[in-house]
Amino acid sequence: MRRAVNRRRIRPAAAVLSVAVALLATGCGIRGTSVPVDAGAAPSRASCEAPDPDRSAEGTGRVSVRIYLLCGSRVLSVSRAVRTQDEQPPPEPVQIGRALLEQLRQPPSAAETAAGFSTAVEDWVQVSGPAEDDPDRALRLNRPPEELQSMALAQIVCTLGESTVADEHHRVVLGGPESDRDPLKRYTCSEEMRRHPEIAVNSGVLLS
């Protein structure tokens with residue numbers, strides 16, 4: 001049976017979000033695509049078209065970042081304007097991971113909801129930096145990745161895959177708590193994963 005978890009929201013400090021987003025803005029991106037909603041048990045008018053970023057919210061002190069949300073049976077990218085600050089030191093991978101995870105935990109905006117977007121990443125999901133002897137860019141979740149909902153893991157993998165946490169092939173290294181000696185696995189946000197996020201939990205490849 002699945003263990004009980006603490007659902008209390010834990011937000012990173014504003015400074016962490018600021019420095020992380022500053023570096024995320026320079027990362028490679030994958031454009032969101034408009035796709036038809038898969039037929040289901042009930043009719044849906046969701047467009048699954050990523051809403052235009054709120055240009056009024058952009059400007060001095062704000063940048064646009066890209067995250068992945070659920071729509072229909074897929075994960076698709078959307079852009080959000082997030083506050084940042086100038087003249088910050090380069091953020092560590094764990095700061096980037098925490099900032100992006102915070103975005104995934106937030107409820108979709110009104111425009112995102114109207115277009116049919118939602119998130120499966122729950123409040124209790126947290127991330128920490130690499131353990132001793134882990135690769136520098138490795139991140140550890142507070143539960144083994146394969147114990148997350150597959151939809152949520154797909155969102156995390158694809159979102160981190162567009163950040164500087166990922167390698168040049170947009171692959172990310174994730175593991176569970178260091179205390180559990182959970183092995184690290186490499187995950188890739190492939191086109192197949194974006195179309196079929198239910199495969200995410202079984203897609204990790206053990207590091208050699």
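Heads up: numbering here begins at 1 and tracks the sequence.
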State whether the side chain of Thr119 and the backbone N or O of Leu69 hold a donor-acceptor pair below 3.5 Å, judged by distance alone. no
Any side-chain to backbone donor/acceptor pair from Arg195 onto Arg74? Under 3.5 Å, distance only. no
Give a yes or no on whether Glu168 atom CD has more than 12 heavy-atom contacts from other residues, nucleotides or ligands under 6.0 Å away. yes
Quick check: do [X] and [Y] have side-chain heavy atoms less than 4.5 Å from each other?
| X | Y | value |
| --- | --- | --- |
| Pro145 | Lys185 | no |
| Val157 | Leu174 | yes |
| Thr188 | Met193 | no |
| Ser118 | Pro107 | no |
| Arg140 | Asp134 | yes |
| Gln103 | Val78 | no |

Go through Ile67 and Arg80 one step at a time and tell me if the side-chain contact (heavy atoms from CB on, under 4.5 Å) criterion holds. CA-CA 8 Å; Ile67 66 169; Arg80 287 183 177 173; 3.5 Å; yes
Given Cys189, which of Arg171, Arg194, Gln155, His170 fulfils the side-chain contact (heavy atoms from CB on, under 4.5 Å) condition? Arg194
For Tyr68, the option from Ile156, Thr159, Leu160 that meets side-chain contact (heavy atoms from CB on, under 4.5 Å): Thr159
What's the shortest heavy-atom distance between [X] and [Y], and which atoms?
| X | Y | result |
| --- | --- | --- |
| Ala166 | Gly161 | CB-O, 3.6 Å |
| Ala138 | Leu184 | CB-CD1, 4.1 Å |
| Gly72 | Cys48 | N-SG, 4.1 Å |
| Ser150 | Pro197 | OG-O, 2.7 Å |
| Ala120 | Met151 | CB-CB, 4.0 Å |
| Ala154 | Val75 | CB-CG1, 4.2 Å |

Once you round to the nearest 0.5 Å, how far does [atom1] of [X] lie from [atom2] of [Y]?
| X | Y | atom1 | atom2 | answer |
| --- | --- | --- | --- | --- |
| Ser77 | Phe117 | OG | CZ | 7.5 Å |
| Arg98 | Glu92 | CZ | CD | 11.0 Å |
| Glu198 | Ser73 | CD | OG | 7.5 Å |
| Asp123 | Gln106 | CG | CD | 10.0 Å |
| Leu153 | Leu141 | CG | CG | 7.5 Å |
| Gln126 | Leu139 | CD | CG | 13.5 Å |

Using the rule that two of Ile, Leu, Val, Met, Phe, Trp, Tyr join whenever any of their side-chain heavy atoms come within less than 4.5 Å, decide whether [X] and [Y] are in one cluster.
| X | Y | result |
| --- | --- | --- |
| Val94 | Leu207 | no |
| Leu148 | Leu100 | yes |
| Val201 | Ile199 | yes |
| Val173 | Ile96 | no |

